Amino acid sequence: MKKFSFLLVLSLLLFTACRKDHVDATNTKTLQSSINDMTSSLSTIKQIKFSEALYILKTFGVDAEGDVEELKALGKLINGKKVPEILTMADEVAQKNGIEWASTSPPSLGEMNIFGDDKAKETDNNDVKANSLSIITRPTGDDGNGAPTSIQIVPRLVDAAGNPVAFTGAGLEATLEVFSNGVKLSTAKNLMQDNNFKGFNLKFSSIPAAKVVDNKIDITVSVKTTAKTFKMSKIGLDVNPSALKVPAPPKNDSTAVTQDPNAVIDPNNPTVAPTTSTDPGVTTTTPSAPKQPAADPKNTVSKFLNSVSSQNLKAAYDNSSNPSWGSYESFSNPTSGFGSVKNVSVKNITTNATNASGASVNATYDVTDKNGKTTSLKVTFGLKNVNGDWKISSYKINP
């Protein structure tokens with residue numbers, strides 16, 4: 001009898017030792033197995049909150065499309081994590097996304113299973129019976145000129161008569177997709193816990209101006225219940241073009257003149273290249289001094305800004321030698337480059353410093369983009385001497 005008891009205790013100890021207390025995301029099987037092990041050690045309430053936390057992370061904490069890809073991304077996110085760490089991560093994601101959920105609050109999302117068991121259960125709060133989805137939209141905010149800065153988008157599950165369906169304690173995944181001229185611009189998700197859901201606040205500043213056609217957008221909202229996913233779209237919603245997202249002109253945080261990487265510099269006299277060789281068999285000659293530009297460096301900056309203003313971007317690009325601007329295609333990009341500029345109004349240009357190889361020029365000007373939005377800029381241009389011509393080599397926007 002004592003031997004039997006000893007063996008029983010030993011087997012229990014071995015079983016306990018084999019159970020994992022952290023996530024193993026080697027593959028889907030080990031992920032599910034490790035999560036099951038972690039769940040089994042929790043109280044009933046903690047089990048529910050842990051499942052809710054995993055659902056929050058899978059739905060809102062990773063950037064992936066589809067259940068399979070979301071599950072893979074979730075595994076990478078929580079691999080090696082223990083229960084307290086996962087609960088903390090879920091709290092942070094919920095707060096960041098404006099979701100009314102906390103790991104310390106009572107269970108509130110119904111039956112959650114990240115591994116895709118969507119069969120309705122007797123106590124499944126997500127099995128909401130509805131006929132369709134309706135959407136209410138209303139402009140919100142004020143840009144100072146009486147125009148809105150965002151749209152509030154509120155979905156409602158309704159019955160056959162169009163009346164809102166009453167439900168509470170659910171955790172329905174609500175997704176907003178934004179389009180313009182058939183091109184998807186953004187996607188947002190939230191949790192619909194009852195039919196008093198506040199919906200989505202779509203800020204115009206989150207929408208790229210260059211991708212909006214005719215100042216109109218289309219939206220599609222979907223709400224996923226246990227048995228069905230409801231969808232509803234609205235076409236041709238007006239936006240405030242002056243509030244849309246416009247990329248800042250390219251900038252370089254350094255005003256230092258870019259140096260030729262092939263140049264050999266004498267560390268004892270960094271401004272002059274060495275004139276002698278240590279090889280006695282080599283005859284050396286003193287290189288001629290670089291050709292000094294005759295023009296004031298601010299003339300190059302003036303030509304550059306005038307070319308940008310007239311949309312002669314090739315001429316503007318030819319006045320520069322700035323590695324951070326990349327190729328001409330990148331420089332002239334209509335979304336992220338100078339191609340988004342409609343007009344430049346120069347207020348002041350002054351030469352800050354100059355020597356034989358480099359110069360610094362300050363310029364103050366207003367930039368108007370193609371949507372009519374004007375921004376005042378104070379910029380420091382760094383220039384370098386290239387064969388007797390000044391070329392813009394760096395660009396820094398000052399506060």
Side-chain angles (χ1 to χ4, degrees), residues 210 246-265 269-273 286-399:
V246 178
K251 63 181 180 178
N252 188 350
D253 290 337
S254 172
T255 58
V257 177
T258 304
Q259 199 149 23
D260 183 354
N262 297 318
V264 180
I265 303 300
N269 189 3
T271 61
V272 180
T286 302
S288 59
K291 183 179 178 182
Q292 176 66 33
D296 191 315
K298 72 179 183 183
N299 293 346
T300 297
V301 174
S302 179
K303 289 179 183 178
F304 172 83
L305 294 174
N306 288 335
S307 296
V308 171
S309 182
S310 63
Q311 284 294 285
N312 187 358
L313 298 181
K314 189 66 173 67
Y317 187 73
D318 289 342
N319 274 307
S320 68
S321 181
N322 186 1
S324 68
W325 284 342
S327 65
Y328 172 70
E329 287 73 20
S330 176
F331 173 85
S332 60
N333 189 289
T335 301
S336 59
F338 285 96
S340 64
V341 176
K342 180 181 180 181
N343 180 62
V344 177
S345 177
V346 179
K347 296 180 178 178
N348 186 42
I349 301 178
T350 57
T351 301
N352 188 37
T354 182
N355 58 40
S357 59
S360 175
V361 173
N362 292 329
T364 303
Y365 53 93
D366 292 337
V367 175
T368 303
D369 62 34
K370 292 183 177 178
N371 291 305
K373 184 177 181 180
T374 300
T375 305
S376 296
L377 296 176
K378 294 180 180 179
V379 176
T380 299
F381 292 86
L383 298 95
K384 68 178 180 179
N385 179 358
V386 179
N387 299 323
D389 293 321
W390 289 117
K391 297 286 185 179
I392 295 171
S393 58
S394 65
Y395 176 92
K396 179 185 178 183
I397 298 178
N398 301 309

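Since the structure is predicted, the reported quantities are computational estimates derived from the model, not experimental observations. Numbering starts at 1 and runs along the sequence shown. Computation of the quantities below employed the complete heavy-atom set of this structure, encompassing side-chain atoms and omitting hydrogens, waters and symmetry-equivalent molecules.
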Asp389/Asn387 under side chain to side chain contact (heavy atoms under 4.5 Å, CB included): CA gap, chis, key distance, verdict: CA-CA 6 Å; Asp389 293 321; Asn387 299 323; 5.5 Å; no
All pairs passing side-chain hydrogen bond (donor to acceptor under 3.5 Å, both in side chains) where residues 341-353 contributes a residue, at least two apart: Asp296-Thr351, Ser309-Asn343, Lys347-Asp366
Centroid-centroid under 6.0 Å between Phe304 and Phe338 rings: yes
Between NZ on residue Lys391 and CG on residue Asp318, distance to nearest 0.5 Å: 6.0 Å
Listed partners of Ala363 passing side chain to side chain contact (heavy atoms under 4.5 Å, CB included), at least two apart: Val301, Leu305, Ile349, Tyr365, Phe381
Nearest-0.5 Å distance that lies between atom OG in Ser360 and atom NZ in Lys396: 10.0 Å
Non-hydrogen atoms of Val308 and Val341 that approach each other most closely: CG1-CG1, 3.9 Å
From CA spacing to verdict: side-chain hydrogen bond (donor to acceptor under 3.5 Å, both in side chains), Thr364, Asn362: CA-CA 7 Å; Thr364 303; Asn362 292 329; over 6 Å; no
Under 3.5 Å donor-acceptor, Ser307 side chain and Lys303 backbone: yes
Any residue meeting side chain to side chain contact (heavy atoms under 4.5 Å, CB included) with Thr300, in chain and number order, not counting sequence neighbours: Asn319, Leu383, Trp390, Ile392
Under 3.5 Å donor-acceptor, Asp369 side chain and Asn371 backbone: yes
Side-chain donor-acceptor pair present, Ser321, Ser393, cut-off under 3.5 Å: no
Any donor-acceptor N/O pair, Lys370 side chain to Gly339 backbone, under 3.5 Å: yes
Heavy-atom donor-acceptor pair, Ser320 side chain to Tyr317 backbone, under 3.5 Å: yes
Smallest separation among heavy atoms of Ala210 and Pro334, with atom names: CB-O, 4.1 Å
